[in-house]
Amino acid sequence: MNVVVSCIDYFLNWGRANSLWPLTFATSCCGIEMMQTSAADYDIARFGSEVFRGSPRQADLLICAGTITHKMAPALLKLYQQMPEPKYVIAMGACTCGGGMFYDSYSVVNGIDKIIPVDIYLPMCPPKPEALLDAIIKLQNKIKKESILDRRQFVMKHCSYLKEENELLVSDNGLNIMTWGVNID
Amino acid sequence: MTNLFKTMEINVGPQHPSTHGVLRLILELDGEIIKSCKPVVGYLHRGIEKMAENRSYLQYLPIVDRIDYLGGFFNSYAYCDCIEHLAEIDVPDKAKYIRVLCMELNRIASHLLWLGTFMLDLGASSPLFYCFRDRERILHIFEALTGQRMMYNYFTFGGVRFDIPSDIIDKISVFIEDMPECINDYENIITDNPIFVSRCKSKGILTKKNALQYSITGPNLRASGVNLDFRKSNPYLVYDRLNFDVSSDISGDAFSRYKVRIFELHSSLKIVEQCISFIKNSSDEFLNKSVKPVMLNIDNAEYTSSVESPRGLMSCTVMAGGKNPYRVKWRTGSYYAVQVLPELLINAELADLMAIFGSLDVILPEVDK
Amino acid sequence: MINTDLLKEYFPDVLVYDYYIFVEKNIVDVISFLKTKNYVDFDVLSQIIAADCTDFVQLTYRLYSTENNEFLNVVTKVKDEAASVTHLYKSAHFDECEIHDLFGINFVGNEKLERLYMPEDWDGHPLLKSYDQTDERLEWNNDQSL
């Protein structure tokens, strides 16, 4: 049994690690460096991640580039829920890791790990493109050590509070989240 | 909604590849025609104005770079100008020229990023790579000079933090020699491209009256026929000693906004050239060493600075209250450009949304602050 | 410069110090006068600056004249309620929403007034000096051990 699982793991991880499709989720300064990483000079395509997807349903890597505010947080959670498993999160920039220089602001979420589980933390304000590439390589190494049996446990362990939220995906009550914060006439 | 079965409401953003951040638009469509538009902002409201009240003048300085991350030098300057005015600090001439040099290079970098992403929104992906290639050269210069690629924290009260070494001046001279050819390349690719022209000509027309009513400034206003540039009209730093032109256009559509910005690339290069020739021959100090920024204590006073940023008038109001600011208020160009968007989008087609929005060059952190 | 004599004739109780005009009441009339009847038209409302002075909120309307390239500050004090200038300058809408959001001032005459930055159901007005960060959202899942 273990032999079979590890063979499946090897091929799945090889595929997953080398074709991480990021979601274009850029809120602020780090987003520009993310664009720079995908443009000339750095060329994220060397690591198989050049396919930036506009829809979360087609992406499996969420590079959270930029500050998350309380108004934006439900949207981030919603996007994360819409992504299919297996999904990975890179917290890019000091703001997403722990508030950064906006740690005492009334409207900033101090670290996105309060909302969604994070695989790789990438501090700096903003990180250089080389640092983002390094984070992607580290994530690839992490994926290559994964087993299909662990993944489910990881999700359950790190998002115990998400158990109820997962049910939202089925019933689609999640639509309420998007209108949160604004009045629509 | 009044006519439930005829119109459709769609939601663009806050996560959308083309909104350059986290703008959210609630659009009402009749077929392909936009009937109404309501911009919703605040998804990146970081409370930068409130944070000033808990910090000293110097502690607040690194934060202001984040307001408009594509033009960090402009924010720094707007804030430093206020404090220098309030605390009566003199700035040496060389520091003024270095500031102008940095700001104009930053303007080029900002416009290049705008050009790349604007073309990407219209579906042309190759200009993005050209623009980012040239922008990267400016960022390398900034990194060598200040130690950071985007958030420089280089200006300080009374001047700049480090002197500009001669090898960086050589780098900049090489850059401004190469750049006009690159800009010509962009123009060859873009300006006469029939797809680009037909998507931008007479789209999103901003009339002169509307532009003034909505307090639009910068290239967007100049494209609508008002030749207002704060570098010329209310000169700050050493702009009155420099020789440069300001371009304006009368049609006010997306294409003329593009043309005005391309012209600005040329005029910024011209300014950089003049600054370099001054800095090379100057033996002035780069920093007023008599200033003690940590100990700064300013009595109750108020000052508002006005800076022509790549996206219009940027002004910083500092109300001093002893050891830390009592209130800091930022006025930015994009804030008002978002507001005019419903006016431009009414009766436009949905496909033109990104052409019109992209041409306004809106940066969301500047709106949300 | 503004035409001080003419301004004094219409509004006797305003105070004028070079680029500052202090107005106690009728702020809309003064701004409307400056926009149209003054011999230099202040055709742009550059911004509205609000500052919390503990027992009142000070509003500064920063006008700009494109003809003469000069700024003029019209300063007034308000408490809870102020008159809207959106019918004179459309750009005032966002400014008024922002001040309504961050200072809790109600602008009479602006029908679309709503919170600009913070969520609609947020408690308190953050830029007031007395603001106390109590909203439950500030504690995002803090009880969960991650």
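For the numbers below, each heavy atom of this structure counts, side chains included, while hydrogens, waters and symmetry mates do not.
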Under 4.5 Å from any heavy atom of chain A, what part of [X] do you find: side chain, backbone, both or neither?
| X | value |
| --- | --- |
| B:D368 | neither |
| B:L139 | side chain |
| B:T117 | side chain |
| B:R137 | neither |

Side-chain donor-acceptor contact under 3.5 Å, B:Y43 with A:H70: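 Absent: no donor and acceptor within the cut-off.
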
Under 3.5 Å side-chain donor-acceptor pair for A:T67 and B:R46: yes

Verdict with supporting geometry, B:V40 and A:K71, side-chain contact (heavy atoms from CB on, under 4.5 Å): CA-CA 11 Å; B:V40 181; A:K71 199 172 178 182; 4.0 Å; yes

Residues of residues 144-154 of chain B within contact distance of chain A, non-hydrogen under 4.5 Å: B:Q148, B:R149, B:M150, B:M151

Indicate yes or no: at least one non-hydrogen side-chain atom of [X] is less than 4.5 angstrom from one of [Y].
| X | Y | result |
| --- | --- | --- |
| B:R55 | A:D104 | yes |
| A:M101 | B:R66 | yes |
| B:L44 | A:M72 | no |

Side chain A:S107, main chain B:H45, donor-acceptor under 3.5 Å: yes

Most chain B-contacting option - heavy-atom pairs closer than 4.5 Å, from A:P126, A:P56, A:C95, A:A65: A:P126

Options A:K128, A:E33, A:Q36, ranked by heavy-atom pairs under 4.5 Å with chain B, top entry: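 Greatest number of close heavy-atom pairs with chain B: A:Q36.
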
CZ/A:R46: more than 12 non-hydrogen atoms of other groups inside 6.0 Å: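 Yes, CZ of A:R46 has more than 12 neighbouring heavy atoms, counting only those of other groups under 6.0 Å.
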
More than 12 heavy atoms from other groups under 6.0 Å of CZ on B:F175: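 Counting neighbours around CZ of B:F175, more than 12 heavy atoms of other residues, nucleotides or ligands fall under 6.0 Å, so yes.
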
Which atoms of [X] approach chain B - backbone, side chain, both or neither, heavy atom under 4.5 Å:
| X | answer |
| --- | --- |
| A:I68 | neither |
| A:Y42 | side chain |
| A:L23 | side chain |
| A:A26 | backbone |

If you round to the nearest 0.5 Å, how far is [atom2] of [Y] from [atom1] of [X]?
| X | Y | atom1 | atom2 | result |
| --- | --- | --- | --- | --- |
| A:M35 | B:F132 | CE | CZ | 3.5 Å |
| B:I63 | A:F102 | CD1 | CZ | 6.5 Å |
| A:S38 | B:F129 | OG | CZ | 6.5 Å |

Residues B:R135, A:D41: salt bridge by 4.0 Å N-O rule: no

